[in-house]
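On a predicted model such as this, the values are computed, not experimentally measured, just so you know. Heavy-atom basis, side chains included; hydrogens, waters and symmetry copies ignored.
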Amino acid sequence: DAGVIQSPRHEVTEMGQEVTLRCKPISGHNSLFWYRQTMMRGLELLIYFNNNVPIDDSGMPEDRFSAKMPNASFSTLKIQPSEPRDSAVYFCASSLLGGGAGELFFGEGSRLTVL
Amino acid sequence: DAKTTQPNSMESNEEEPVHLPCNHSTISGTDYIHWYRQLPSQGPEYVIHGLTSNVNNRMASLAIAEDRKSSTLILHRATLRDAAVYYCILGGNSGGSNYKLTFGKGTLLTVNP
């Protein structure tokens, strides 16, 4: 299995631009998570999908952030407009059982730099 | 969310065992104890998890105290590739949030050659 695939691996953009991060979960997994990691705040859960439906988006920082999962094999995290404080590594993870009872598989992350 | 307490950092020598402690005095009866690690410039990686009994897998062992208020991750022979941040996390059916894994700051393990 290829594991969780994220793209792009690195993105450098200017403040105000739209950023779209992509994730392909492991086939057969029904739970998908977006995390953000910064030095100051560590790893934060942004949003959780189960069977393509957003279950908990309480970690999404503000309206500039949106996430979609149109089908079981694809999810996007969009930031519009982007700001320098959005600079972070964004991780996508998938799971068969949900994180509390099973194993989360993380992608390699998308490193975002907003100038 | 029930919280865990870990030392900020630990050091070990290569090929020696490492015992990484974690305190979780507010653990609920349905919380699993999870361990993940994050190598430099990589995403977190699952290590092991357990509920009440000690657990072993190819990567590590998890020793859980009888009262479940603490646990220890055991790496039997540390290698340089084990240098990483190790996270101890509680996750389970507490409050219906059985999907959530809330990562703390973890323990930075340094392995000396």
How long is the span from the CZ atom in B/Phe103 to the OH atom in A/Tyr35, to the nearest 0.5 Å?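 Going from CZ on B/Phe103 over to OH on A/Tyr35, the span is 5.0 Å.
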
OG1 of B/Thr102 to CG of A/Leu45, rounded to nearest 0.5 Å, is 7.0 Å

Quick check: is [Y] connected to [X] through a chain of hydrophobic side chains (ILVMFWY, heavy atoms under 4.5 Å apart)?
| X | Y | result |
| --- | --- | --- |
| A/Leu21 | A/Phe106 | no |
| A/Phe65 | A/Leu32 | yes |
| B/Leu109 | B/Leu80 | yes |
| A/Phe33 | A/Ile55 | yes |

Side chain, backbone, both or neither: which part of [X] has an atom under 4.5 Å from a heavy atom of chain B?
| X | value |
| --- | --- |
| A/Glu44 | neither |
| A/Ser110 | neither |
| A/Leu43 | both |

Exceeds 12 heavy-atom contacts within 6.0 angstrom, atom CD of A/Glu62: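 More than 12 within 6.0 Å, yes.
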
Should we say atom CG of A/Asp63 is surrounded by more than 12 heavy atoms from elsewhere, each under 6.0 Å from it?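 Atom CG in A/Asp63 is not crowded, with 12 or fewer foreign heavy atoms closer than 6.0 Å.
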
Of all heavy-atom pairs linking B/Tyr87 and A/Gln37, the shortest is OH-NE2, 3.6 Å

For A/Phe91 and B/Gly43, which heavy atoms make the closest approach, and how far apart are they?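 That closest heavy-atom pairing would be CE2-CA, 3.2 Å.
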
